[in-house]
Amino acid sequence: MFIIDAHLDLSMNALEWNRDLQKPVAEINEREEGMTDKPDRAKGVVSLPELRKGNIGLVVGTQIARYVAPGNPLPGWHSPEQAWAQTQGQAAWYKAMEDAGEMVQINNFESLDKHISLWFNGQPNDAKPVGYILSLEGADSIVTIKHLERAYNYGLRAVGPAHYGPGRYAQGTDAIGFMGQVGHELLKEMERLNIILDATHLCDDSFWEALDHFNGHVWASHNNCRALVNHNRQYSDEQIKELVKRGAVIGAALDAWMMVPGWVRGQSDPKEMNCSLEVMIDHVDHICQLAGNSMHVGIGSDLDGAFGREQCPYDLETIADLQKIPTLLKKRGYSETDMENMMHGNWLRFLRNAWV
Ligand SMILES: [Zn+2]
């Protein structure tokens, strides 16, 4: 079945992890044997050949660069200009992948339709470029509001105003507080440019404020449920209901700590914690029960978000194993239409509606 994954940090992996994503996952991992600079070395699960193998023909690919004020312990750049420059390198990597015929940017109704026809033409996927919709995870790198239009012009179509911690435009995961005047200006400019608001990572205060002030299209690219794993990074039932009301689609994330309660980073083991793809269905099912239908859930795996096999479902060896999900959904009683909705249909409907 055709799959859309609404959250991958591909360019971050290419440039900060030094992964050549044109290579098979096994080859990338082999070259990382013995490296200890990052917890997921030699444990990667995402690359372009694996996406094709898994019939994952369209992804939302991020740019990501945080600004940190003095005293902020999170990793990040010391000025917004440096963060902007980092995202420009990331944009250049996506362009290089386009030049190599590996990827193609999807940024409007026409390019989306053309791309979907290509991936549904019954031919093998080997020669098909993986489509990407460009998104910005955390808006710190938008130096001034004017920079947003510059980014729109090279293809930016979705923005999550915050990531982890305090942000310049909104407060993110593990932080608290509101967006303030400059945050409102960002939302206004996003609305003018028809940029999708990614509500993922907004802290509760900023989440409600953003939804109050933004009249454009809202999605949540990678988010699980607070009712199942209690953490501020996850959505409360109230938030899920509000997103459903707004026509949002919520992407199910495959980061183990967001799937099973009690996960300890760097210590817990997926098998011991019983973290399988089945657990993802619990989160998906929770959202479907709240919505009363299967129209508001998709995949937003985050499978290359600074973790790999050490922190993802044990029955997933590479991202191609997302193809196991439809069978699991069927086992839970979901219909063929429900499965199609969740694997690609909901994101497609959302995008067509946003870009019409
Ligand atoms: Zn994230």
Side-chain angles (χ1 to χ4, degrees), residues 4 6-12 14-16 21 58-67 77 79-116 118 129-163 167-170 179 182-201 210 213-219 221 347-348 350-356:
I4 297 177
H7 192 84
L8 288 175
D9 297 311
L10 298 173
S11 64
M12 180 189 87
L15 296 187
E16 290 178 61
L21 300 179
L58 182 58
V59 305
V60 177
T62 63
Q63 300 171 293
I64 178 167
R66 179 185 292 113
Y67 160 72
W77 296 102
S79 72
E81 288 81 359
Q82 288 167 281
W84 169 261
Q86 175 81 359
T87 62
Q88 298 317 289
Q90 293 166 346
W93 177 79
Y94 286 111
K95 286 287 167 221
M97 287 301 97
E98 291 193 55
D99 293 343
E102 293 274 4
M103 300 186 80
V104 59
Q105 188 180 78
I106 306 303
N107 52 32
N108 59 28
F109 196 96
E110 293 72 34
S111 56
L112 177 65
D113 256 16
K114 198 177 143 207
H115 187 68
I116 295 304
L118 174 72
V130 173
Y132 75 99
I133 296 159
L134 192 62
S135 174
L136 181 64
E137 187 169 24
D140 290 352
S141 59
I142 300 298
V143 182
T144 70
I145 297 290
K146 278 197 164 52
H147 283 69
L148 195 64
E149 188 163 9
R150 280 168 69 177
Y152 178 87
N153 288 337
Y154 63 71
L156 186 68
R157 291 295 179 269
V159 170
H163 188 223
R168 295 179 61 227
Y169 295 97
M179 298 183 74
V182 64
H184 294 179
E185 283 166 30
L186 180 83
L187 292 175
K188 226 167 119 190
E189 183 68 351
M190 284 168 60
E191 210 176 299
R192 184 181 76 82
L193 295 165
N194 193 25
I195 291 177
I196 296 157
L197 168 65
D198 187 347
T200 291
H201 280 299
H213 285 81
F214 185 75
N215 301 301
H217 303 279
V218 183
W219 72 21
S221 61
W347 293 123
L348 274 184
F350 180 98
L351 287 164
R352 286 182 173 133
N353 178 47
W355 288 348
V356 72

Colleague: So, for Ile145 and Val182, which heavy atoms are closest and what is the spacing to 0.1 Å?
Modeller: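 Nearest pair, atom of Ile145 first, then Val182: CD1-O, 4.0 Å.
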Colleague: Can you name the residues that form a ring pair (Phe, Tyr, Trp, His ring centres under 6.0 Å) with Tyr152, not counting sequence neighbours?
Modeller: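 In terms of ring pair (Phe, Tyr, Trp, His ring centres under 6.0 Å), with neighbours along the sequence ignored, Tyr152 is linked to no residue.
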Colleague: Can you tell me how far CD of Glu189 sits from CG of Leu148, rounded to the nearest 0.5 angstrom?
Modeller: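 The distance works out to 5.5 Å.
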Colleague: Under 3.5 Å, side chain of Asp140 to main-chain N/O of Arg66, donor-acceptor pair present?
Modeller: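 No: the side chain of Asp140 does not pair with the backbone of Arg66.
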Colleague: Looking at Ile106, Leu156, Val60, Thr87, which hits side chain to side chain contact (heavy atoms under 4.5 Å, CB included) with Leu134?
Modeller: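 Among Ile106, Leu156, Val60, Thr87, the one meeting side chain to side chain contact (heavy atoms under 4.5 Å, CB included) with Leu134 is Leu156.
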Colleague: Quick check: closest heavy atoms across Ala170 and Pro161, and the distance to 0.1 Å?
Modeller: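 Looking at all heavy atoms of both residues, the closest pair is CB-CB, 3.7 Å.
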Colleague: Before accepting this row, confirm whether a basic side-chain N of the pair Glu149/Arg192 lies closer than 4.0 Å to the acidic partner's carboxylate O.
Modeller: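 So Glu149 pairs with Arg192 through a salt bridge.
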Colleague: Specify whether Tyr132 and Tyr94 have parallel, tilted or perpendicular ring planes, treating 30° as the upper limit for parallel and 60° as the lower limit for perpendicular.
Modeller: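 Because their plane-to-plane angle is under 30°, the rings of Tyr132 and Tyr94 count as parallel.
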Colleague: Which heavy atom of Val218 sits nearest to which heavy atom of Phe350, and what is that distance?
Modeller: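 So the two residues come closest at O-CE1, 3.1 Å.
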Colleague: Side chains of Ser79 and Gln82: is there a donor and an acceptor less than 3.5 Å apart?
Modeller: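 Result is yes, a qualifying pair exists.
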Colleague: Locate the shortest heavy-atom distance separating Ala83 from Ala65; write the atom from each residue and the value.
Modeller: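 Looking at all heavy atoms of both residues, the shortest contact is O-CB, 3.4 Å.
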Colleague: Indicate yes or no for a side-chain donor-acceptor contact from Asn107 to the backbone of Gly155 under 3.5 Å, with no hydrogens or angles considered.
Modeller: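 No, the answer is negative, given that no donor and acceptor are paired below the 3.5 Å cut-off.
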Colleague: For Thr62, run the side chain to side chain contact (heavy atoms under 4.5 Å, CB included) check against Asp9, Ile133, Leu8 and tell me which one passes.
Modeller: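 Looking at Asp9, Ile133, Leu8, the match for Thr62 under the side chain to side chain contact (heavy atoms under 4.5 Å, CB included) is Asp9.
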Colleague: So Ser135 and Ile196, do their side chains get closer than 4.5 Å, heavy atoms only?
Modeller: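 Counting from C-beta outward, Ile196 and Ser135 never come under 4.5 Å.
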Colleague: Could you walk me through whether Trp84 and Arg150 pass side chain to side chain contact (heavy atoms under 4.5 Å, CB included), step by step?
Modeller: CA-CA 11 Å; Trp84 169 261; Arg150 280 168 69 177; 4.0 Å; yes
Colleague: Side chains of Tyr154 and Gln88: do they bring a donor and an acceptor to under 3.5 Å?
Modeller: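 Indeed, the side chains of Tyr154 and Gln88 share at least one donor-acceptor pair under 3.5 Å.
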Colleague: Taking Arg168 for its side chain and Val143 for its backbone only, find out whether a donor-acceptor pair lies under 3.5 Å.
Modeller: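 Yes, because the side chain of Arg168 sits within donor-acceptor range (under 3.5 Å) of the backbone of Val143.
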Colleague: Does His201 reach the main-chain N or O of Ala162 with its side chain, forming a donor-acceptor pair under 3.5 Å?
Modeller: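 Absent.
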Colleague: Decide whether Glu137 and His7 meet the rule of one side-chain donor and one side-chain acceptor closer than 3.5 Å.
Modeller: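 Yes - a donor-acceptor pair under 3.5 Å links their side chains.
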Colleague: Are any of the side-chain heavy atoms of Leu136 and Ile64 separated by less than 4.5 Å?
Modeller: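 In short, these two side chains do not touch, never coming nearer than 4.5 Å.
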Colleague: Check whether any side-chain N or O of Asn108 sits under 3.5 Å from a backbone N or O of Ser111 as a donor-acceptor pair, and report yes or no.
Modeller: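 It does hold such a pair.
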Colleague: Do Gln86 and Gln63 have side-chain atoms, one donor and one acceptor, less than 3.5 Å apart?
Modeller: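 Their side chains do not contain a donor-acceptor pair, so the 3.5 Å distance test is not met.
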Colleague: Quick one: salt bridge (charged side-chain N to carboxylate O under 4.0 Å, His left out) partners of Lys114, sequence neighbours excluded?
Modeller: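 Listed in chain order: nothing, the list is empty.
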Colleague: Does any N or O in the side chain of Tyr169 come within less than 3.5 Å of the main-chain N or O of Ile142, such that one atom is a donor and the other an acceptor?
Modeller: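 Indeed, once roles are kept as given, a pair shorter than 3.5 Å links the two residues.
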Colleague: Going by heavy atoms in the side chains, are Leu15 and Gln90 under 4.5 Å from each other?
Modeller: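 They are in contact (side-chain heavy atoms under 4.5 Å apart), so the answer is yes.
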Colleague: For salt bridge (Lys or Arg N to Asp or Glu O under 4.0 Å), just list the numbers for Lys188 and Glu185, CA-CA rounded to whole Å, side-chain angles, deciding distance to a tenth of an Å, and then say yes or no.
Modeller: CA-CA 5 Å; Lys188 226 167 119 190; Glu185 283 166 30; over 6 Å; no
Colleague: Just wondering, do Val59 and Ile4 contact through their side chains at under 4.5 Å, heavy atoms?
Modeller: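 SC-SC contact between Ile4 and Val59 ruled out.
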Colleague: Start with the C-alpha distance between Glu191 and Leu197, add both sets of side-chain angles, then the distance that settles side chain to side chain contact (heavy atoms under 4.5 Å, CB included), and finish with yes or no.
Modeller: CA-CA 9 Å; Glu191 210 176 299; Leu197 168 65; over 6 Å; no
Colleague: Measuring from Met97:CE to Met103:CE, what's the distance to the nearest 0.5 Å?
Modeller: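 Met97 atom CE to Met103 atom CE measures 8.5 Å (nearest 0.5 Å).
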Colleague: Which atom pair, heavy atoms only, marks the closest approach of Ala6 to Ser221?
Modeller: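 Looking at all heavy atoms of both residues, the closest pair is O-CB, 3.4 Å.
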Colleague: Yes or no on salt bridge (Lys or Arg N to Asp or Glu O under 4.0 Å) for Glu98 and Lys95, after CA distance, side-chain angles and deciding distance?
Modeller: CA-CA 5 Å; Glu98 291 193 55; Lys95 286 287 167 221; 3.1 Å; yes
Colleague: So, using side-chain hydrogen bond (donor to acceptor under 3.5 Å, both in side chains) as the criterion, who are the partners of Asp113 when residues are at least two apart?
Modeller: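 Once residues adjacent in sequence are excluded, the partners of Asp113 under the side-chain hydrogen bond (donor to acceptor under 3.5 Å, both in side chains) criterion are Arg352.
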Colleague: Side chain of His147, backbone of Thr144: donor and acceptor closer than 3.5 Å?
Modeller: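 Between the backbone of Thr144 and the side chain of His147 there is a qualifying donor-acceptor contact (under 3.5 Å).
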Colleague: Where do Trp355 and Asn194 come nearest, in terms of heavy atoms and distance?
Modeller: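 Result for this residue pair: CD1-ND2, 4.2 Å.
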Colleague: I want to check something: taking the side chain as every heavy atom from C-beta on, are Leu351 and Phe109 in contact at a cut-off of under 4.5 Å?
Modeller: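 No, their side chains stay 4.5 Å or more apart.
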Colleague: Assess the pair Trp219 and Trp347: is the distance between their ring centroids shorter than 6.0 Å?
Modeller: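 Yes, they do, as the ring centres are separated by less than 6.0 Å.
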